[in-house]
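Written out below as structure tokens is the structure these notes cover.
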Amino acid sequence: MNLQHNAGKGFLFIVSGPSGVGKTVLCNAIVEKFAPTVVYSISTTSRAPRGGETDGQEYNFCSPDQFEAAIKRDEFAEWAFVHGNYYGTPRRFLTDNLDAGRHVILNIDVQGAMKIRDSYPEAVMIFILPPTFEELESRIRKRNMDSEHSLQHRLENARQELSYRDQYKHAIVNDNLEVARRELIRIFADYIGAGTEVSQV
Ligand code: 5GP
């Protein structure tokens, strides 16, 4: 499969999956591999930065009031309330890059993905799965930097997210990170036509 660009526009890739499944590491690997052809959409969120996170890098951080004002100005292609915080995809970044022929990767939750699919039915939907729910729970517990309440919320949310798997065209099980990385690179290469260049992923 080597799909052509639609009228010079870039492909829109949506990567979803439960919290703790390794989406961010995998998305970073894609950008590392395909930049500047593939660009990562930095979301806006009202959640507080975690240790090591920098404004404008992992997210654009803002207050809930600022987020709500941006919703009113229609600045998001989609937004959702996840784990008690707002998250949204800036519309301008998305349209500017797709129009310029660059491929955009969105690392967003299932609610946001369903909304984007309504506006971009041709979006390439990729779901990242854990090997088992028990394994996912242990990963979420290990990396939990939030309260116990928030942890419970994330586990419940993970169950919900997993029920959307069938809505996605592609699914990758992240059991071994290197294997999952290669699979994801293959999927991207099939769409963007990077062909031979990625034969040694
Ligand atoms: P975290 O707080 O762990 O960084 O992200 C929590 C969840 O929010 C993840 O599932 C992530 O994919 C999702 N998320 C991040 N940015 C966006 C966004 O712009 N829109 C939506 N709908 N979800 C997002």
Side-chain angles (χ1 to χ4, degrees), residues 12-31 39-64 66-68 70-71 73-98 104-120 123-130 133 136-137 139-165 167-168 170-172 174 180 184:
L12 176 56
F13 293 91
I14 300 179
V15 177
S16 303
S19 178
V21 84
K23 282 170 296 179
T24 304
V25 175
L26 287 167
C27 287
N28 288 343
I30 290 298
V31 174
V39 293
Y40 183 84
S41 163
I42 299 175
S43 296
T44 303
T45 183
S46 65
R47 122 160 129 57
R50 298 199 187 105
E53 288 182 332
T54 312
D55 187 35
Q57 205 164 309
E58 289 82 6
Y59 285 105
N60 297 309
F61 295 98
C62 71
S63 68
Q66 287 170 323
F67 197 101
E68 285 164 11
I71 295 174
R73 293 192 301 268
D74 198 27
E75 285 179 14
F76 298 115
E78 64 73 35
W79 63 270
F81 203 62
V82 188
H83 312 141
N85 297 300
Y86 287 117
Y87 293 82
T89 301
R91 184 192 300 285
R92 188 72 193 272
F93 178 90
L94 189 59
T95 52
D96 283 358
N97 278 290
L98 292 176
V104 180
I105 179 165
L106 303 183
N107 168 358
I108 61 175
D109 87 315
V110 294
Q111 307 170 66
M114 297 303 112
K115 288 185 212 157
I116 287 280
R117 191 178 59 178
D118 289 342
S119 335
Y120 296 87
V124 181
M125 314 271 293
I126 306 167
F127 200 83
I128 313 293
L129 288 159
F133 191 81
L136 180 69
E137 178 165 352
R139 288 189 209 168
I140 294 176
R141 281 188 184 280
K142 265 189 218 138
R143 83 163 199 186
N144 183 45
M145 285 167 269
D146 309 316
S147 62
E148 177 62 26
H149 175 74
S150 156
L151 174 76
Q152 289 309 325
H153 211 81
R154 278 173 189 271
L155 290 175
E156 183 46 39
N157 204 271
R159 273 187 206 95
Q160 290 273 345
E161 291 252 337
L162 286 168
S163 69
Y164 280 78
R165 184 253 167 274
Q167 301 291 323
Y168 289 70
H170 303 278
I172 292 177
N174 185 10
L184 192 59

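Heads up: numbering here begins at 1 and tracks the sequence. What you are looking at is a predicted structure, and each value in this text was computed from that prediction instead of being measured. Remember, it's 1-based here, ligands and their atoms both numbered in the order they're listed.
- Between the side chain of Thr45 and the backbone N or O of Tyr86, at least one donor-acceptor pair lies under 3.5 Å.
- Within the structure, salt bridge (Lys or Arg N to Asp or Glu O under 4.0 Å) pairs that include any residue of residues 75-86 comprise Arg73-Glu75 (at least two apart or interchain).
- Applying the ring pair (Phe, Tyr, Trp, His ring centres under 6.0 Å) test to Tyr164 and every residue at least two apart in sequence or in another chain returns nothing.
- Taking Ser119 as the reference, nothing meets the side-chain hydrogen bond (donor to acceptor under 3.5 Å, both in side chains) condition, with sequence neighbours excluded.
- Side chains of Gln152 and Glu156: no donor on one and acceptor on the other come within 3.5 Å.
- Closer than 4.0 angstrom to ligand 1 lie heavy atoms from Lys23, Ser43, Arg47, Arg50, Tyr59, Glu78, Ala80, Val82, His83, Tyr87, Gly88, Thr89, Asn107, Ile108, Asp109, Gly112, Arg143, Arg154.
- Although no hydrogens or angles enter the test, the distance criterion places no donor-acceptor pair under 3.5 Å between the side chain of Arg165 and the main chain of Phe127.
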